[in-house]
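Lettering follows sequence order; numbering is per chain, from 1. Just so you know, these numbers come straight off a predicted model, no measurement behind them.
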Amino acid sequence: MNGSGPAVSATRTTGAESTSPISPILTAFSAGATWYRVLALFYVFWSVSRYSEHIIRPWLVATVFGVMTAWTIFSVISRRPSLWRVVVEVLIVCLGLIASGWVYPEAVRAGGVPTLTGIWAAASVLSAAVVGGPRLAVGAAAVIGAVDLLEPRINNSSTIEAVLQLLMVGLLFGWAVQVMRRLHEQLLAAAAVRERMAERERLNRVVHDGVLQTLAYIHRRGLQIGGEAAELGELAAEQERGLRALMVTSPALDRRPAQASGTARQKSEQRDVGADLMALAADRDRVEVVRPAGAVALPAHEATELRAAVAACLDNVEVHAGPQARAWVLVEDLGDEVVVTVRDDGVGLEEGRLAEAAEAGRLGAASSIRGRIEDLGGSASWTTTPGRGCTVTLTVPRPAGSLS
Amino acid sequence: MTTTTVLVADDHPLWLEALSADLAGRGFEVVGTAADGPSAVRRTQATRPDVLVLDLNLPGMRGDEVCQAISDLDTHVLILSASGEEADVLAAVKAGAMGYVVKSASSDEIVEAVVATARGEAVFTPGLAGLVLGEFRQMRQQAAPEATPVPELTARETEILRFVATGLTSKEIAAQLVISHRTVQNHVQNILGKLHLHNRVELTRFAFERGLGSVDDAQ
């Protein structure tokens, strides 16, 4: 468990790096601020032009507009929000505001005039929000507001409203940026977790393959060398079987989700018969489970009963078929029914012995198998030949509507 | 009879050595070895062995990609796998492999499988038979009416496949069905043939749909 610590923190670091200046969300916000700045510039030009006949220092207007235009063009060409840019832009706005006090004669100013920066000032607050969230945005708005309010030449009745609006924009936009940034971080973290899981799974497969291969090799060499080495080899073979069974049983129903689809409720009640039987056979030595590539889904009740019936069959094989008998469990999905065939290569029975055994009360297991399967509406049949083992076929209908 | 030539591809050096030694000891001529997918393909193309014994999980290429890449050669492919990743085995068999043996099989079983593969006989484990059975059923279930016709197994082929899947050897199957061992083998080969054919048809269709024009491009 300790081993996973460094890996987690390492991924965090990369996650933070990729969020930093230009994550897609910040890029989008930043682009919004940039285009606002362009549109605002034209609006400011237009609103000031309406008062052009009153302007007494055209060179000052031209200078301020020149700087604003240059800055706007620069921000369109190079879109990398940063702290120094916020500072410079706030400075431009403040100087523009102060200059606004000197371009109109006093008589005109008293009636209320547009400032040279106007709504363009909000662009700097938006940029501050992108760079530093609500705090920097409100800070920028506060600086601009302070200049606005404290410079008596531009202060009029509507100034306080403009300042409050600027603060609100800073707060809201900054807050939105912050929320989006957190969401984006969570998204990145989730993606990193998924990637890590996939990578771990891949590594697991590689490791398992190597381990299984080595165990198979030890088994093989042990048998060749003989003596105690053969015992070691047997041990290795046993471990190999265990590990292999463990590997194929773990992912229960996710092997072919398309087949097992349905409503969510039904899906949650489905079980993969193949995986179930695989798990059942995992601790039995001479049993092989054969199944299709995809999951064979049955509702939980049917699957549990079927599993119990197969377990009883395998118990029977262990007790009656002889010590050397091997068994195979074949799982087949016929669409409207699931067929499980349990065959052993043991001693088998004379024809008619089944009936005899039933009469003698020795077929308890077999009748319980039949009982379970018939309760599900299915059927169980036995065929046996002396010396050629015994085959049990269990057919369970798939309840209507349990799939698709 | 000329000696059977074999190329062994496995990324596990000890295993590669042991298997090559075993095969050489049984009179096979091991014409080469390879430790990764691309070199397995190159060396198979260069030496054209009778049998390629191919580890399913080679670095560089998947097992089915290797089979696909050499499908124009006469070389028969026998898949060896340690982990028995079922879906991967099925993909390789669909791509042209003739048989499949689990690595935990005894040395004799593996040699026997190579002999059978060299003769052009399909080597089925019960597990592979179960997968193939499932594959044909799935093809039938998913077949859309306008799609290419899906190959179907005859009743006899299904019966034989079910016997293989429950652990019967082809001799036992022959005895049970009162037919010759050769007939059983023919049925098994037909089953594989249908699977390969279907795979080729699907590949061609895929290539045309993607505007690739010919199957060679898809390979």
Side-chain angles (χ1 to χ4, degrees), chain A residues 204-221 223-224 236-237 240-241 243-245 247-248 255-256 258-259 274 286-296 326-335 339-345 383 385 388-389 391-393 404, chain B residues 10-19 21-22 55-59 80-91 94 102-110 124-138 140-142 158 161-169 172 175-176:
Chain A
N204 270 352
R205 274 204 300 280
V206 173
V207 170
H208 276 137
D209 204 59
V211 170
L212 288 172
Q213 190 140 279
T214 309
L215 288 174
Y217 179 75
I218 295 172
H219 177 213
R220 186 188 171 88
R221 284 294 293 154
L223 289 184
Q224 281 172 356
E240 190 215 330
R241 274 196 298 275
L243 189 53
R244 190 197 305 280
M247 275 176 63
V248 282
R255 299 206 310 164
R256 194 203 292 162
Q259 261 271 331
R286 309 176 66 82
V287 178
E288 183 175 349
V289 176
V290 177
R291 56 180 183 151
V296 179
R326 292 190 292 168
W328 289 266
V329 179
L330 170 63
V331 184
E332 291 172 278
D333 190 341
L334 302 189
V339 180
V340 176
T341 311
V342 183
R343 188 186 83 88
D344 68 75
D345 61 353
T383 56
T385 320
R388 284 225 204 109
T391 303
V392 186
T393 310
S404 75
Chain B
D10 199 307
D11 61 331
H12 196 290
L14 282 177
W15 183 272
L16 184 65
E17 204 175 295
L19 191 57
D22 269 1
D55 183 301
L56 191 61
N57 293 303
L58 286 183
L80 265 182
S81 162
S83 54
E85 287 279 333
E86 299 164 329
D88 299 345
V89 174
L90 187 62
K94 281 162 81 177
V102 188
K103 273 196 177 165
S104 55
S106 74
S107 167
D108 285 341
E109 283 171 310
I110 294 179
F124 270 56
T125 56
L128 178 57
L131 286 177
V132 172
L133 262 178
E135 182 68 14
F136 275 101
R137 288 194 174 121
Q138 205 199 334
R140 200 172 52 202
Q141 275 172 12
Q142 292 180 347
T158 305
L161 214 44
R162 293 189 76 236
F163 278 135
V164 178
T166 50
L168 274 95
T169 64
E172 287 168 336
Q176 187 113 10

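Of the listed residues A165(B), G167(B), A129(B), the one with more heavy-atom pairs under 4.5 angstrom with chain A than any other is G167(B). Your options are V329(A), D344(A), L215(A), T341(A), and the one with the most heavy-atom pairs under 4.5 Å with chain B is T341(A). Note: L14(B) leads L128(B), L133(B), L14(B) in heavy-atom pairs under 4.5 Å with chain A.
No side-chain heavy atom of T158(B) sits less than 4.5 Å from a side-chain heavy atom of F136(B).
Salt bridge E240(A)/K103(B): absent, no basic N to carboxylate O contact under 4.0 Å.
Note that the OG atom of S107(B) and the NE2 atom of H219(A) stand 11.0 Å from one another [nearest 0.5 Å].
Considering only residues two or more places apart in sequence or on other chains, E109(B) meets the side-chain contact (heavy atoms from CB on, under 4.5 Å) condition with A105(B), S106(B). Annotation: side-chain contact (heavy atoms from CB on, under 4.5 Å) contacts of E288(A) (sequence neighbours excluded): V290(A), W328(A), P126(B).
At a 4.5 Å heavy-atom cutoff, the contact between D22(B) and chain A is made by side-chain atoms alone. Heavy atoms closer than 4.5 Å to chain A are found in the side chain of I110(B), but not in its backbone.
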